[in-house]
Amino acid sequence: MEGLSRIWQWLCAPAAGKKDQHYSTSPYVNEEKCIACGKCIEVCPVGAAFLLGDVSRIEPNICISCGQCMESCPANAIDIDWEHDIPKFLECLTEYVYGDVKGKKDRVGYINFLLRITSDCDCVPWRDAPIVPDVGILASNDPVALDQASYDLVNKQKGLVNSSLHSNHEKGADKFRVVWPMVDGTHQLRYREKIGLGSRDYKLVEI
Ligand code: SF4
Ligand code: SF4
């Protein structure tokens with residue numbers, strides 16, 4: 001959810017580019033937590049995870065940072081350096097988009113579907129319970145304004161209980177920080193504006 005326009009970000013990069021975007025996030029195994037179940041080895045698409053003694057290891061030169069092992073580990077033993085890796089990852093996503101749409105402002109439009117909003121990104125193979133009610137469909141020729149408006153509209157909703165949103169249910173409270181406490185949801189918006197992808201200013205027009 002941290003990048004509401006993730007779909008178009010993915011479409012702007014070839015397979016090698018997607019790997020390049022993820023390379024800043026290097027998962028590691030917390031040996032204290034690993035129960036040697038082998039699940040990470042099973043799901044790893046490139047054979048980067050392996051058991052050494054009674055703990056799992058990840059070979060960084062093989063790992064493509066797809067994150068499947070993190071999602072599958074029953075002991076939450078696999079993690080990344082959220083403080084340093086995630087900002088770099090988000091900036092890299094933004095740069096790929098910028099490279100593709102630069103100079104095409106009048107020829108590219110963007111649409112955000114704020115429907116069935118869940119905490120995880122589109123990479124995960126499951127559907128979770130929505131954290132806020134459906135908001136609607138937003139469109140703009142400025143991707144930064146579009147995502148800023150989307151971000152604000154999500155936070156303006158009353159949060160839904162029985163979802164991964166465990167607090168900040170009141171209208172106006174930051175829903176993003178609750179579901180991803182280690183990620184600054186505005187970092188990517190600020191970086192996009194900084195490199196000239198668009199403006200965080202917007203005016204909502206309801207139709
Ligand atoms: S992040 Fe992906 S490639 Fe790297 S070890 Fe985990 S499953 Fe394998
Ligand atoms: S999935 Fe988690 S607990 Fe299981 S072997 Fe891998 S790191 Fe260890």
Side-chain angles (χ1 to χ4, degrees), residues 1-100 116-131 147 151 163-166 175-192:
M1 192 175 73
E2 74 273 17
L4 286 160
S5 298
R6 280 187 72 106
I7 298 294
W8 60 263
Q9 287 171 335
W10 293 129
L11 292 175
C12 288
K18 289 171 193 166
K19 284 182 189 170
D20 184 42
Q21 291 167 17
H22 278 87
Y23 269 129
S24 69
T25 54
S26 304
Y28 63 89
V29 177
N30 183 333
E31 295 182 12
E32 308 276 301
K33 289 185 176 177
C34 178
I35 54 173
C37 69
K39 193 76 188 167
C40 53
I41 299 164
E42 209 177 287
V43 299
C44 181
V46 293
F50 59 96
L51 274 180
L52 189 65
D54 56 359
V55 291
S56 173
R57 305 261 184 202
I58 292 171
E59 171 51 56
N61 294 323
I62 300 175
C63 174
I64 56 171
S65 306
C66 68
Q68 290 192 49
C69 54
M70 286 178 69
E71 296 291 349
S72 307
C73 177
N76 286 328
I78 304 177
D79 210 344
I80 58 171
D81 181 345
W82 289 87
E83 188 185 343
H84 297 104
D85 291 354
I86 290 298
K88 277 190 276 174
F89 166 61
L90 296 175
E91 288 168 16
C92 193
L93 289 179
T94 301
E95 288 160 9
Y96 263 85
V97 175
Y98 184 64
D100 210 41
R116 291 199 55 83
I117 300 161
T118 55
S119 59
D120 282 302
C121 73
D122 55 316
C123 304
V124 299
W126 60 80
R127 177 187 282 189
D128 203 356
I131 61 166
D147 272 5
Y151 183 88
S163 72
S164 56
L165 190 71
H166 301 303
K175 313 293 184 297
F176 296 84
R177 270 292 182 191
V178 175
V179 292
W180 291 99
M182 283 107 39
V183 178
D184 176 1
T186 63
H187 178 80
Q188 198 180 18
L189 293 167
R190 282 186 272 109
Y191 189 70
R192 288 180 193 176

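Counting convention: from 1, in listed order, for ligands and their atoms alike. This one's a predicted model, so the numbers in the text were calculated from it and none came from an experiment. When a residue number appears, it is its place in the shown sequence, counting from 1.
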For ligand 2, the portion of Ala36 having any non-hydrogen atom under 4.0 Å away:
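Only the backbone of Ala36 comes within reach of ligand 2.
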
Pick one of side chain, backbone, both or neither for how Val55 approaches ligand 2, counting any non-hydrogen atom pair under 4.0 Å.
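Contact part for Val55 vs ligand 2: neither.
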
Is any side-chain heavy atom of [X] closer than 4.5 Å to a side-chain heavy atom of [Y]?
X: Ser56; Y: Cys34; result: yes
X: Ile78; Y: Tyr28; result: no
X: Arg57; Y: Val29; result: no
X: Leu93; Y: Val97; result: no

Among all protein heavy atoms, pick the one closest to [atom] and tell me residue, atom and distance.
atom: atom 3 (S) of ligand 2; answer: Ile35 N, 3.3 Å
atom: atom 6 (Fe) of ligand 1; answer: Cys69 SG, 2.2 Å
atom: atom 8 (Fe) of ligand 2; answer: Cys34 SG, 2.4 Å
atom: atom 2 (Fe) of ligand 1; answer: Cys66 SG, 2.3 Å
atom: atom 1 (S) of ligand 1; answer: Gly67 N, 3.2 Å
atom: atom 4 (Fe) of ligand 2; answer: Cys37 SG, 2.3 Å

Tell me the contacting part of Cys44 for ligand 1: side chain, backbone, both, or neither, using a 4.0 Å heavy-atom threshold, strictly below.
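The answer is both, backbone and side chain.
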
Mind checking whether Ile58 contacts ligand 1 via backbone (N, CA, C, O), side chain (CB onward), both or neither, at a 4.0 Å heavy-atom cut-off?
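For Ile58, the contact with ligand 1 is made by the side chain alone.
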
Enumerated ligand 1 atoms positioned under 4.0 Å from heavy atoms of [X]:
X: Val46; value: 3 (S)
X: Ser65; value: 1 (S), 4 (Fe)
X: Pro27; value: 1 (S)

Is a side-chain N or O of Ser72 found less than 3.5 angstrom from the main chain of Lys39, in a donor-acceptor match?
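Such a contact is absent between Ser72 side chain and Lys39 backbone.
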
Side-chain donor or acceptor of Arg177 paired with backbone N/O of Val183 under 3.5 Å:
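Checked: pair present.
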
Any ion pair linking Glu91 and Lys88 (charged N to carboxylate O, less than 4.0 Å)?
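Glu91 and Lys88: not salt-bridged.
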
What orientation do Phe176 and Tyr151 show, parallel under 30°, tilted 30 to 60°, or perpendicular over 60°?
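Rings of Phe176 and Tyr151: parallel, under 30°.
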
Sub-4.0 Å heavy-atom approach of Ile64 to ligand 1:
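Under 4.0 Å: yes for Ile64.
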
Under 3.5 Å, is there a donor-acceptor pair between the Asn30 and Glu32 side chains?
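No donor-acceptor contact under 3.5 Å links the two side chains.
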
Reported OG1-to-CZ distance for the pair Thr94 and Arg190, which is rounded to 0.5 angstrom
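So the gap between those two atoms works out to 11.5 Å.
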
Atoms in ligand 2 flagged as close to Ile78, the criterion being non-hydrogen separation under 4.0 Å:
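Answer, ordered by atom number: 7 (S).
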
Is there an N/O/S atom in Cys40 that lies less than 2.8 Å from atom 6 (Fe) of ligand 1?
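No, Cys40 does not qualify, because none of its backbone or side-chain N, O or S atoms lies under 2.8 Å.
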
